[in-house]
Amino acid sequence: MCGIIGFAGRVEAAPILLEGLSRMEYRGYDSAGIAVRSDNWGLQAKKAKGRLEALYGLTHGGADLDGPLGIGHTRWATHGEPNDCNAHPHISEDGRIALVHNGIIENYLEIKENLLRKGIRFTSDTDTEVVVQLLGYHYQQCGSMLEAVGRVLRRIEGSYAFGIICSDYPNALIAARKDSPLILGYGENGNFIASDVTAILKYTRDVSYMEDGEIAVVTAESVDVFDQELTPLDKKRCRVDWDVSAAEKGGYPHFMFKEILEQPEAVRKTVSPRVQNGRVALDGFSMTAEEVRNLSRIYIVACGSAYHVGVVCKYIWERLLRRPVEVCLASEFRYSAPLVDRNSLVIIISQSGETLDSMAALREAKRLGGRTLAVVNVVGSSIAREADSVIYTWAGPEIAVATTKAYSTQLVLMDLIGLYLGDLLGTVPGGEYEAILKGLAELPDKMRACLDQIQEMQYLGSRYFNHDSVFFIGRNLDYAMGLEASLKLKEISYIHSEAYASGELKHGTISLIEEGTLVVALGTHAALFDKAMSNVVEVKARGAEVLALTTERYRERMEKIADAAIVVPDTHPILQPSLGVIPLQLFAYYVALQRGCDIDKPRNLAKSVTVE
Ligand code: AGP
């Protein structure tokens, strides 16, 4: 996700801003910029696509921008390709205001149309620029920056952390936050705002944490905080005792753990802007209703966890669209003479957007004349650029090699796309459209309920880490979810594991079940719960140790026969995998932790596999 730093001090701001941005590189970014207020030149802004080195070069290490007041930003693109123009800070049309932003403005399009009608011109494709132009408009109306900020915050919807400077205010910067983190730092030579402690630890360990709805006015001498009615607030100061490396993970022990915890918010950010007035609104999907209706076949092509999303989708989409959905491993797809033609839609799912197997499959699909859609997390990545259409997950940068939040946001985005296509085809079963959207809206809170079981998962990890072979068994959506659970365990704990359709066990593999074999029995798919139960009895009869996963609805029945049970909330059947996967991610995490494995950088693995 984006990184923000701001400084109001008694020394040159630019070098401090650049240093702070370099401390936030771990957050992942694709462009960066700084803006400084100078007595000689007013507002000076410099920004560049790519790594921070480009910005250092552009500003000669900051020497080109003079002044003790400024803001800086590393951008993780969500709206608009990574390029110089879309990089932050964004500048108001009159050149007087510079703004940096972390978050997603959900109603930016309607505000932009409104401002365009007022004759305001835009230079970027971002949601953020809409905020600075709206701020410039209100500032011209009321003449007070603080009042103008208040008006803007009441108008926009979504998540934000803002840093704002104005050429008319030589000593003060303004900050505001809702949902995206922002801290205040109290330094010797001036005061700070920052997305996280890492950016300013070099200068101060005395910080305050802004809460949603708060606005701060920061000068070299003072930090004043207000609520949205501009009532002054007292902020408690805290002493940060982290070392820098711990701070980079936001205080969490591993990026993977942090990213597991980020899933509810990542899912909300991916879904919420795409449901407007009770209807799915897909940005970036270019097929017409006619073309969709002419589709004879849909392929979902991916690798690893992204492939597992496709397996979940097949069960869901064939029910919603009543069309054949083929799920293919990207590394197999182009060697299997796929039946792709102009009436085929080939969907490539990829977190990185750089996986070579998936890119090769995309090119093969296009060569065969198919329509292509990319579902990608990294904006502007190769797969995103080469597909006919791209719809982004908004999980933010995922640092851990083992994917979690990207997988979860892919799942829900594919649920949305399936609803959208099914609605165009008129094949969504009655009442399901509304029921699924309701379930998606409730999902973040239910995911948080799953995360409340961290201690139980830690206990189960310590109870079961010594097994050298684990089976994940389930039926239908539970089986599909088991594929991902098994990969998570293998990837980071190096334990051999296998996901198996539990109805298939008796056709051979059950011969491997013996006294003490650990079987994780997945029973969250209500329609087949009784079958799942019979498979638990089957493996128990052969001595298996059964760790079961089920929902509240079946807790009592499952706890009677399993050796241990994990319980998640009930939700719409197609959304159950989005909940069940969370404790299974935590299970893999705690088993790996017990085994002393390198959780964020497992042996032999890379975050993006750019080789065949
Ligand atoms: C997932 O935990 C793995 N790191 C890996 O299987 C990954 O999902 C696969 O390499 C695909 O990567 P992509 O989504 O970036 O294309």
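One-based numbering along the sequence shown. Both ligands and their constituent atoms are indexed starting at 1 by order of listing.
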Of the side chain and backbone of L605, name the one, both, or neither that has a heavy atom under 4.0 Å from an atom of ligand 1.
neither

Full working for side chain to side chain donor-acceptor pair (under 3.5 Å) between D388 and T372
CA-CA 5 Å; D388 297 325; T372 58; 3.0 Å; yes

Spell out, as yes or no, whether a donor-acceptor pair under 3.5 Å connects the side chain of K488 to the backbone of T403.
yes

Taking the six-membered ring for Trp, are the ring centroids of H79 and Y392 within less than 6.0 Å of each other?
no

Is there any N or O on T355 that sits under 3.5 Å from an N or O of ligand 1?
yes

Nearest protein heavy atom to atom 3 (C) of ligand 1, by residue and atom, and its distance?
E491 OE2, 3.1 Å

Could you check whether F257 and H254 have their ring centres less than 6.0 Å apart?
no

Quick check, are the ring centers of F472 and Y500 under 6.0 angstrom apart?
no

Is any side-chain heavy atom of L547 closer than 4.5 Å to one of L460?
yes

Of all the atoms in ligand 1, which lie at a distance below 4.0 Å from a heavy atom belonging to K488?
1 (C), 2 (O)

for atom 9 (C) of ligand 1, nearest protein heavy atom and its distance come out as C303 O, 3.8 Å

Of all protein heavy atoms, the one nearest atom 15 (O) of ligand 1 is S352 OG, 2.7 Å

May I ask you to decide whether E326 forms a salt bridge with K314, counting only side-chain N to carboxylate O separations under 4.0 Å?
no

Which residue and non-hydrogen atom of the protein lie closest to atom 6 (O) of ligand 1, and at what distance in Å?
G304 CA, 3.2 Å

Is it true that, when you exclude D468 itself, more than 12 heavy atoms of the residues, nucleotides or ligands shown sit nearer than 6.0 Å to its CG?
no

Of the protein's non-hydrogen atoms, which lies at the shortest distance from atom 10 (O) of ligand 1, and what is that distance?
V609 CG2, 4.0 Å

Going by distance only, is there an N or O of V401 that falls short of 3.5 Å from an N or O of ligand 1?
yes

For A402, the ligand 1 atoms with a heavy-atom partner under 4.0 Å come out as 2 (O)

Atoms in ligand 1 flagged as close to L487, the criterion being non-hydrogen separation under 4.0 Å:
6 (O)

Out of E484, Q351, E354, whose heavy atom is nearest to atom 14 (O) of ligand 1?
Q351

For K601, does the NZ atom sit with more than 12 other heavy atoms under 6.0 Å from it, leaving out its own atoms?
no

So the atoms of ligand 1 within less than 4.0 Å of a heavy atom of S305 turn out to be 1 (C), 2 (O), 6 (O), 8 (O)

